[in-house]
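Have a look at the structure below before the remarks.
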Amino acid sequence: MNDQFIQIQFPDGKQQQYERGVTLTDIAHSISPSLSKKTIVGYVNGIPTDVGCQITEDAQISLYDAASKEGIAVVRHSTAHLLAHALKRIYPSIHFGVGPVIEDGFYYDVELDSPITPSDLPQIEKVMKQIINENVEIKRKEVSREKAKQLFAHDPLKLELLEDIPQDETVTVYEQDDFYDLCRGPHIPSTGKIQHFKLTKVSGAYWRGDSNNKMLQRIYGVAFATKDELRDYFVFLEEAEKRNHRKLGKELELFMFSEEAPGMPFYLANGQIIRNELESFLRNLQTKYDYKEVRTPLMMNQRLWEQSGHWDHYKENMYFTQVDEQSFALKPMNCPGHMLIFKNERHSYRDLPIRMAEFGQVHRHEFSGALNGLLRVRSFCQDDAHIFVTPEQIEDEITLALKIIDHVYKVFGFEYEIELSTRPEDSMGSEELWNRAETALENVLNNLGYPYKINEGDGAFYGPKIDIHIKDAIQRSHQCATVQLDFQLPDKFDLTYIDKQNEKARPVVIHRAVFGSIDRFLGILIEHFAGAFPVWLAPTQVQVVPVSQVHLDYCLKIQSQLRQLGVRVKIDDDEGKLGYKIRRAQMQKIPYIIVLGDEELKENAVNVRKHGEKQSISIPFKDFKENIVKQINDRSI
RNA sequence: GCCGACUUAGUUUAAUGGCAAAACGGUGGUCUCGUAAUCCACUGAUAAGAGUUCGAUUCUCUUAGUCGGCACCA
């Protein structure tokens, strides 16, 4: 009798008996018809499963609708199939690559003789919607390898994928109408369940992510459970576009680019002020931590780069020049220069740690297609430091480096996440050394009580590293700071110090950067603050606006007193209406506008309006001075 | 580097195989003013090169740059 029934357990622990071979849809329906309608996918004993699949054993199940993380992923995956289905109808000779789910949506890689352009997307969407209206059933089929080979005989990319499916794995094909695809699934039961999607962009993509392979065409799309979520997605993109640092950089006259130096930013007076503030902020902090700032040449003999290993590993990204029959290279990194400084004199263990810092301008020939405003450039300034330590000092020094990073990021209001990257496959150095280094990094993180994620095998070939990912104001993640242990460089440059036993010993080098690239960090800050910088960073901190020209003298007096305190003040002495000048200062996102007229003159007061606010208040000039100086000194945000 | 799109005045945007339009900015004048644009006038552009054409900013090709991806990211 028991053969006929199975026990189904639900997430809340309740159990129920069903007939053997029952489907998830049947189960959902038994609970409520509306549930069965909403259900997109089920997990059977933790395995994602089509709702139409028959269950033949006792099982734990959970059901998901489109609003769930599990459900929407399946909807997105099925939307990718829907896209492929539509493409097949429009371009019968098309070949398919892969079509996975990504954040917010999906893509499909296809091979087609004619290019698909953004203007083709509406037509493709139209066909997709037709197929949705047809509410085509999506059927899962298990097939033999032979059968699969036949089915995809005309689709060389799919055959390649088929080859890679492990022998012990069942090959499944999903079929909807005349379209079928090699796929593990699961999928939604029919195309009618797809509602809120949009195709977003087209691009090229190398087959299997390898630039040696041919380039396919990739079509991206997004899909959500509700219309609102879809709309929010595009609203978010618009918001992000308003903060775009390239746009704001132009509007606020922070920096520019020229065809004469692609990928190399020119800093205008406003942008340079911010850079200088960032630099001096960190410089002061580093002084407190007993760093010694140095400066090394931009260009050094090619020999040096051969010795450091850059010639072998990084030549393609370097700029070279020939002078007096000698080959020189623009430095892509500061480390070799710092090694030379270390070697410039003998060191005792008493000298260590040596914390050598440089705001070093480096040049890297990035691929033209990689350039992206300030975020990816060919020339940038690293807030680099190399800390030369004895093995025993590693943990303490890493701790100090992390403390500086924490201090700096708090000032900008950045939350951050830590990743520890361990030994990669092509690593150099003994396993013992690596284990010790990795343990050291873990100890530090544990002692500080920092949560962190481990990236197995993602370290540099010369040592493990800690990367810091900051979250900006609209929750985008950026990698900036890094702390890396290096055992190779000291070897390559034969660095030594004299230890307690009066013998030569090898120091360890810690590479660390806080901003990473000042240029990139500035780009991130522009977007983080949407161009409205905190007072200490703002290129102009106070804009003084006279009510009329007769108040200019008072304005000049106020300006001069603020300038004495180091405040960056401008007077808007153009003729023109007050309202117009307020507007202009607001658009420039200047933190404080002060309006001066008869009333202020009489009271020795200033009328203050903060950026972004509609109200203004009159306060004694003395109070304003004290306030703004405090804000600047505190670097408050 | 690869795929695709794009490049019009200082900036943002319009239009066209036959005189390239506007706003802001700038300049000159006007207004003498209390919190997001006083009014008027003037100024100024088809990325570079080649081709097709009677005629190209528009069509084609090349180059450069930019953007979205891919790849790269010691």
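Letters go in sequence order (proteins before strands), and every chain restarts at 1.
Across all strands, Thr117(A) comes closer than 4.0 Å only to sugar-phosphate atoms, never to a base (heavy-atom distances). Counting any heavy atom pair closer than 4.0 Å across all strands shown, Tyr314(A) reaches sugar-phosphate atoms only and no base atom. Across all strands shown, Gly579(A) has heavy atoms under 4.0 Å from sugar-phosphate atoms exclusively, and none from any base. If you check every strand for non-hydrogen atoms under 4.0 Å, Glu251(A) touches nothing. The residue Arg246(A) sits close only to the backbone: its heavy atoms come under 4.0 Å of sugar-phosphate atoms, none of a base. Note on Lys250(A): only backbone sugar-phosphate atoms sit closer than 4.0 angstrom, heavy atoms only; bases stay farther off. No contact: Gly463(A) has no heavy atom under 4.0 Å from any strand. Within the nucleic acid shown, Ala370(A) comes within 4.0 Å of at least one base atom, counting heavy atoms only.
A distance of about 14 Å separates the P atoms of A15(B) and A21(B), rounded to the whole Å. As rounded to the nearest Å, A14(B) and U58(B) have C1' atoms that lie 14 Å from one another. Straight-line distance between the C1' atoms of C40(B) and U30(B): roughly 7 Å, to the nearest whole Å. Across U46(B) and U27(B), the matching P atoms stand 23 Å from one another, rounded to whole Å. Comparing the C1' positions of A47(B) and A71(B) gives an interatomic distance of 28 Å, to the nearest angstrom. For the C1' atom pair drawn from G4(B) and G44(B), the interatomic distance equals 34 Å after rounding to whole Å. With P as the reference atom, C67(B) and U12(B) are 13 Å apart, rounded to whole Å. Using atom C1' as the reference point in both U57(B) and G17(B), the two lie 10 Å apart (nearest Å).
Along RNA chain B, the nucleotide nearest Phe257(A) and the nucleotide nearest Gln586(A) are compared for position; the residue whose nucleotide lies closer to the 5' end is Gln586(A). With RNA chain B read from its 5' end, the first of the two nearest nucleotides for Gly373(A) and Lys492(A) is the one closest to Gly373(A).
Across Gly99(A) and His77(A), no two heavy atoms sit closer than the pair O-CD2, 3.9 Å.
Under a 4.0 Å N-O distance rule, the pair Glu306(A)/Arg303(A) does not qualify as a salt bridge. Using a cut-off of 4.0 Å between Lys/Arg side-chain N and Asp/Glu carboxylate O, Arg584(A) and Asp572(A) are scored as salt-bridged. Salt bridge Lys581(A)/Asp573(A): absent, no basic N to carboxylate O contact under 4.0 Å. A salt bridge links Lys198(A) with Glu125(A): the closest approach of a Lys/Arg side-chain nitrogen to an acidic carboxylate oxygen falls below 4.0 angstrom.
A heavy atom closer than 4.0 Å to some atom of RNA chain B occurs in Lys201(A), Val202(A), Ser203(A), Gly204(A), Ala205(A), Tyr206(A), Gly209(A), Ser211(A), Met215(A), Arg218(A), Tyr220(A), these being the qualifying members of residues 199-221 of chain A. For the segment residues 598-608 of chain A, the set of residues with a heavy atom within less than 4.0 Å of an atom of RNA chain B comprises Asp598(A), Glu599(A), Glu600(A), Asn607(A), in numerical order.
In this structure Tyr314(A) satisfies the side-chain hydrogen bond (donor to acceptor under 3.5 Å, both in side chains) test with no other residue, sequence neighbours excluded. With sequence neighbours left out, Glu599(A) forms a side-chain hydrogen bond (donor to acceptor under 3.5 Å, both in side chains) with no residue at all.
For the side chain to side chain contact (heavy atoms under 4.5 Å, CB included) with Phe521(A), the lone residue among Ile526(A), Ile470(A), Leu375(A), Leu374(A) that qualifies is Ile470(A). With Glu358(A) as the partner, the salt bridge (charged side-chain N to carboxylate O under 4.0 Å, His left out) test is satisfied by one option alone out of Lys331(A), Arg512(A), Arg295(A): Lys331(A).
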Name the atoms and distances for all side-chain donor-acceptor pairs under 3.5 Å in residues 101-116 of chain A, with sequence neighbours left out.
residue	atom	partner	partner atom	Å
Tyr107(A)	OH	Arg218(A)	NH2	3.4
Tyr108(A)	OH	Lys158(A)	NZ	3.1
Tyr108(A)	OH	Asp181(A)	OD1	3.4
Tyr108(A)	OH	Asp181(A)	OD2	2.3
Asp109(A)	OD1	Arg218(A)	NE	2.6
Asp109(A)	OD2	Arg218(A)	NH2	3.0
Glu111(A)	OE2	Lys214(A)	NZ	3.0

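Think of the region where chain A sits on RNA chain B: with heavy atoms and a 4.0 Å cut, that region ends 5' and 3' at G1(B) to A74(B).
Because its NZ or CZ atom is both nearer than 6.0 Å to the ring centre of Phe224(A) and within 45° of the ring axis, Arg76(A) counts as a cation-pi partner of that residue.
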